Amino acid sequence: MSHKYNPKEIEPKWQYLWEESKCFKATEDISKPKYYCLEMYPYPSASLHMGHLRNYAIGDSIARYKRLNGFNVLYPMGYDAFGLPAENAAIKQKIEPEAWTRSNINAIKHQQQEMGLSYDWSRQIQSLDEDYYKWNQWIFLKFYEKGLTYREKAVINWCPDCNTVLANEQVINNRCWRCSSIVEQRELEQWFFRIRDYADELLTSLDDLDWPESVKTMQRNWIGRSEGTIINFNIVNSGETIPIFTTRPDTVFGVTFMVFAPEHPLIKDWVEGTKYQAAFETFLASVQQEDKFQRTAADKEKKGMFIGKYAINPLTNDEIPVYVGNFVIYEYGAGAVMAVPAHDQRDFEFAKEHDLPVKVVIRPRDKVLSPDKMTEAYIEKGILVNSGEFDGLDNHDAIMKISKKLEEIKLGKSTVNYKLRDWLISRQRYWGTPIPIIHCDKCGSVPVSFKDLPVKLPKDVEFTGSGNPLATSSSFINTTCPECGAPAHRETDTMDTFVDSSWYFFKYCSPFSGQVPFDKQPVSYWMPVDQYIGGIEHAILHLLYARFFTKALRDIGLSEIDEPFSRLLCQGMVNKEAPYCELCNRFLPPEDYEGSTCNACGNKYTHKSAKMSKSLGNVIDPRILMDNYGADAARFFILFGSNPERELEWSDAGIESVYKSLEKSFHLLIKMPGSLKDTIDARDNYIKFITHKSIRDATYNFEELKLKDAITHIMILIDELSTYSKTPINKDIYNEARMTAAVLLSPVIPHLCEEVWELTGHDGFIIRARWPICDETVVSEMNEFKWDLLSDLSDDIREIIKVARITSPKRIRIYSAAGWKFRLANLFKEEFAKTKDRGQIMKALMSTDLKRYGKQVNQILGKYLNDPALAPYVDMGQEGEFSFLNEVALILESRFNCVIEFYREEDSQEKKAAGALPGRPAIIID
RNA sequence: GCGGGGGUGGCCCAGCCAGGUCAAAGGCGAUGGGCUUAGGACCCAUUCUCGUAGGAGUGCGAGGGUUCGAAUCCCUCCCCCCGCACCA
């Protein structure tokens, strides 16, 4: 029987059989350890890209690996089905968002199925289903009851292109996260979730997560906890008190002015009708013209102006002038700062610019600071001066003491401040979850009652491209107030789609719940997600929101889970080289080069690796991979190319060679070699050793998620197996080796391995096989040493043949070192551990019966001291080495195709034999 | 500027946490040989330098240090990537 490797045939076959047997269906089973493996909720674009392919190849391999290891695995898939692309398609192409999205879901699902991913499709969910989004509304209302949802007028980020507001997290470098348009500031009434209430827990519970350090750091920075003190500054002639936040209360005696954010509402009142009004308005306008990103760049010039007001320093009672400045951010702290030019660089620059006094209050231990000689602020540690009763204190101690004093005189208190803002969830778009609120002229904003959920998305809407389409549906808008029954209108904002993805992982555990979003019992079995896999781009956005939701859902009693994702893997980018002009210092899009030269400068361009992107034209469609080489080859290539966290470089040659090696492996694994034997010799022992070594190494790598390294170790087994198959084989050992290889490879190339399993006479699926267990006695230190010895010996023989230009060796004689040399090696290791002194070691050696070999001992000692690693780390003994060499004679014979003879050094007169050392037999080639 | 991750042989990529078995796995590419009508595929060998016996030299971004011994540990510096960035 000759079977061709035909992925087009075997892949659909196994996909069908898996489906038919429902073998990926997950059911709670407390007798088995559970494992929840999850990839980030994908947006259903019409086709897969390389990033998806990589994401799923990783996740599926882990899920399959865990199943083989006896875990009860939950590995689901669903679709983040709301969002702008569908709505934009509706505007441009007049297609219903729902129809558009559902057809995308079908398309992408089809591709996922072609990849052979082992999802439990019975749990598939998508946010656009009423039965899903109604729970968004349910949760919204629960949060509302708890005070976690609120509506407020606020200056918010507006994306003019998406025609909607954005949360702070969705603004990247002042651009929209989705479309990269520059974000504008607008003032609007919006709905928020109180994520800030969880700031502290979100921060502290990061510590216990097995997440990449970079992601944890990003979240820590984003939450931005800082400990400090609130200090109240009274404003002269106004009766107002401004609570300023500072981390440096130790410098309060050095405050010489205050700076407010120009948009601070008090400023407008203060300048009204004064001579400062006109200038202030000009200043405010100029600041607002700049985008926020430019404005807050660190190297930006510190601009500002005096606005005619004074404040009182609460500790010195000095009157200090009040300024507005472009560098103060309204949203942070009190939107105003106390300025200490001597000890804060920004304040220093501002003071120089505006000729304000600099007052030193902290002095370094070894020198005196003089304000007029300072060229920058002194921000290091020091001792307090000019600070009244606090003079002489270490500034670190002063922070606490001054804080305490302020508290006593009721002009301040210690506090904690966060950069994290509440989560703005309103969106002025159609294709999302309607916010279940009714606005009544009399009763205000009234929540829809739970029994009336879901508030369905209406179909009678118009997509004009301007304004919220929901507002065009009179059937939707017009309703009655649940409280007073009067005519009222519905809220037209929909929820940020990040709400959908903040709890979908709970829904997978309990897709068919009745009265609540999800049932407690299955959730407590499956959650938390043991392994979450996705791109780094969600380091803050999705991962922070999902953590917040998990905690808030816990607090409304839906679960007892604190953290959603125990272990996180952020896969690297998929790159491909693209034309890059070194002179212009940029990548060249297809229209910017011709032939081999850059259009801009006319010079030759080079190639450099870049993230696959449409604009650079270096995208490879995974479909080509799948169509030409099959799912297994695509999966293998993508996992073998690079470890999951690292970047993956696309290469055309790579996929070709992957396909060939799969083909080769397939033939090797299904065919029993012709020449069998019942005996066991060194070759059989060797392949057994390699088999178990592969199990050990691949298992270790799988656990570490180093899938590339795991595959490398399995392929070594395949290679050795291939060599072995050309000699007479022991059937049992051969079978153990090839079935081990098949099972080890099955998480990566499942279809091929199923086919092998079947063709080698197994009943049932390979996915129901057991992950092999490494026999430690086979891969003992002694055995590793032995087989290394053989490979070193072969290398040495080859080296000699090469250097001595021997064309074809006729006989190779190998001499094991004399017995006393083994004793010497051991003694040397003992003594060397005690001292490195040659004299002392020699003395110790000479006090034994080795004395009679004094001269040789001295020579060998010289060698050993020069390279202590020469003394073998395992002691085989002369007999052990000699008999091992005899055993492997046939391996050497087949390698070198000549007679191999073995001797003991003692039995030989050959000069060269005297050079033998333990673990390093002498070699003579004729 | 701060934080995180990197820099390994022609290229990609392991090794570094637990120093010696490391001239450094694996893949790609290249060269030679076998096979073949030829090419491809496949198989074998070679692929830092020198070397007619397993050696020597150089070497893991650069420079120092620790150690009998450093790709691996410590210090300083350079470069690349990714986040954050006047956060009071």
Side-chain angles (χ1 to χ4, degrees), chain A residues 172-173 212-222 224 226 228 244-248 251 259 293 295-300 302 325-329 331-340 344-347 349-350 417-419 536 539-540 573 609 640-643 645-649 651-654 656-658 660-661 663-664 697 701 706 708-709 711-713 715-716 719 722-723 726 781 784-785 788-789 791-793 795-806 832 835-838 864-874 895 912 915 919-925:
Chain A
I172 319 282
N173 291 347
E213 211 43 54
S214 58
V215 176
K216 294 209 257 185
T217 309
M218 280 192 239
Q219 293 217 351
R220 286 191 190 107
N221 288 343
W222 188 261
S226 75
I244 300 283
F245 177 78
T246 179
T247 53
R248 295 293 304 275
T251 63
V259 190
F293 183 63
R295 175 179 156 191
T296 56
D299 52 2
K300 183 86 190 164
K302 311 283 176 282
N326 61 348
F327 65 93
V328 179
I329 298 163
E331 291 84 24
Y332 187 76
V337 298
M338 61 176 221
V340 187
D344 180 288
Q345 186 58 24
R346 288 166 322 204
D347 298 348
E349 286 168 34
F350 193 85
N417 204 14
Y418 296 95
K419 280 201 280 185
I536 187 84
I540 295 174
M573 302 270 184
S609 174
F640 191 45
S642 149
N643 274 320
E645 295 189 314
R646 297 294 219 109
E647 291 180 342
L648 172 70
E649 187 73 23
S651 114
D652 293 322
E656 194 65 43
S657 83
V658 157
K660 278 185 237 153
S661 83
E663 205 171 20
K664 198 179 111 189
D697 294 345
N701 291 140
K706 304 257 184 186
K708 180 213 165 90
D709 298 343
I711 297 172
T712 299
H713 287 121
M715 293 318 281
I716 287 171
D719 282 352
S722 163
T723 307
K726 286 165 195 152
E781 195 179 42
E784 286 214 64
F785 179 80
D788 282 351
L789 172 64
S791 117
D792 289 347
L793 186 62
D795 287 349
D796 282 343
I797 294 172
R798 260 191 217 105
E799 177 78 2
I800 295 167
I801 290 172
K802 186 182 125 201
V803 173
R805 296 184 192 170
I806 298 165
F832 187 71
T835 175
K836 314 286 179 253
D837 183 86
R838 181 167 185 158
Y864 279 175
L865 280 171
N866 188 40
D867 179 9
L870 216 56
Y873 63 96
V874 169
R895 268 182 204 169
K912 281 210 170 76
R920 243 183 141 259
I923 302 162
I924 300 175
I925 303 175

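Lettering of chains follows the sequences in order, A, B, ..., and the numbering in each one begins at 1. Treat the numbers as computed from the prediction; the structure is a model and nothing was measured.
Rounded to whole Å, the distance from NZ on A:Lys912 to C1' on B:rG55 is 13 Å. When the C1' atom of B:rC82 is taken as reference, atom NZ of A:Lys216 falls 18 Å away, rounded to whole Å. In this structure, A:Gln345 atom CD and B:rC2 atom P are separated by 14 Å, rounded to whole Å. Taking atom CG of A:Asp837 as the reference point, atom P of B:rG69 lies 14 Å away to the nearest angstrom. In this structure, the NZ atom of A:Lys708 is 10 Å from the C1' atom of B:rA25, given to the nearest Å. Look at NZ on A:Lys802: it is 9 Å from P on B:rU49, rounded to the nearest Å. Taking atom CG of residue A:Leu789 and atom P of nucleotide B:rU21, one finds them 15 Å apart after rounding to whole Å. Atom NZ in A:Lys706 sits roughly 15 Å away from atom C1' in B:rG26 (whole-Å rounding).
Comparing B:rA23 with B:rG55, their C1' atoms sit 14 Å apart, to the nearest whole Å. Atom name C1', nucleotides B:rG26 and B:rC50: the rounded distance is 28 Å, in whole Å.
Nucleic acid contact for A:Ser642: none, since no nucleic acid atom lies under 4.0 Å from a heavy atom of the residue. Base engagement by A:Phe832 is indicated by at least one non-hydrogen atom pair under 4.0 Å involving a base atom. A:Ile797 comes within contact range of no nucleotide atom at all, as no heavy-atom separation falls under 4.0 Å. Using a 4.0 Å heavy-atom cutoff across all strands shown, A:Asp867 reaches no nucleic acid atom at all. Residue A:Arg798 is in sugar-phosphate contact alone, with no base atom involved, counting any heavy-atom pair closer than 4.0 Å across all strands shown. Nucleic acid contact class of A:Ile925 (heavy atoms, under 4.0 Å, all strands): base. Looking at heavy-atom distances under 4.0 Å, A:Ala539 makes no contact with the nucleic acid at all.
Nearest-nucleotide mapping onto RNA chain B: of A:Ile923 and A:Ser661, the residue sitting toward the 5' end is A:Ser661. Remark on RNA chain B: of its neighbouring residues A:Arg646 and A:Ala336, the 5'-side contact belongs to A:Arg646, judged by nearest-heavy-atom nucleotide.
Candidate nucleotides B:rC86, B:rA88, B:rG54 were compared by shortest atom distance to the side chain of A:Phe327, and B:rC86 ranks first. The nucleotide whose nearest atom lies closest to any side-chain atom of A:Ile800 is, among B:rG20, B:rG55, B:rA53, B:rA53. Closest contact between the side chain of A:Ser226 and the listed nucleotides B:rA88, B:rA25, B:rC87 involves B:rA88. Taking only side-chain atoms of A:Lys660, from C-beta outward, the nucleotide of B:rA41, B:rG83, B:rG55 with the closest atom is B:rA41. The side chain of A:Ile329 approaches B:rA88 more closely than any other nucleotide in the set B:rA88, B:rA53, B:rG83. Which of B:rC43, B:rA53, B:rG20 sits closest to the side chain of A:Pro868 comes down to B:rG20.
No hydrogens or angles were tested; on distance alone, a donor-acceptor pair under 3.5 Å links the side chain of A:Lys302 to the base of B:rC86. Residue A:Arg248 places no side-chain atom within donor-acceptor reach of the base of B:rA88, judged by atom type and a 3.5 Å distance cut-off alone.
We find the CD1-CD1 distance between A:Ile925 and A:Ile801 to be 4.5 Å, quoted to the nearest 0.5 Å. Rounding to the nearest 0.5 angstrom, the gap separating the OG1 atom in A:Thr712 from the CG atom in A:Asp697 is 10.5 Å.
The shortest distance between the side-chain N/O atoms of A:Arg346 and the OP1/OP2 oxygens of B:rC86 is not below 4.0 Å. In terms of phosphate contacts, A:Lys836 brings no side-chain nitrogen or oxygen within less than 4.0 Å of OP1 or OP2 of B:rU67. Within the 4.0 Å cut-off from OP1 or OP2 of B:rC28, at least one side-chain nitrogen or oxygen of A:Ser657 is found.
No donor-acceptor pair closer than 3.5 Å links the side chain of A:Lys216 to the backbone N or O of A:Pro212.
In this structure, B:rG3 and B:rC82 make a Watson-Crick or G-U wobble pair, each of the two defining distances being under 3.5 angstrom. Of all nucleotides present, only B:rU46 satisfies the Watson-Crick or G-U wobble test against B:rA30, with each distance under 3.5 Å.
Closest non-hydrogen pair, A:Tyr332 versus A:Ser226, comes out as OH-OG, 3.2 Å. Heavy atoms only, all atoms of each residue included: A:Met218 and A:Ala539 are closest at SD-CB, 3.7 Å.
For A:Glu645 and A:Lys708, the salt-bridge test fails: no basic side-chain N is under 4.0 Å from an acidic carboxylate O.
Proximity of A:Val337 to A:Phe350: side-chain heavy atoms (C-beta onward) are nowhere separated by under 4.5 Å.
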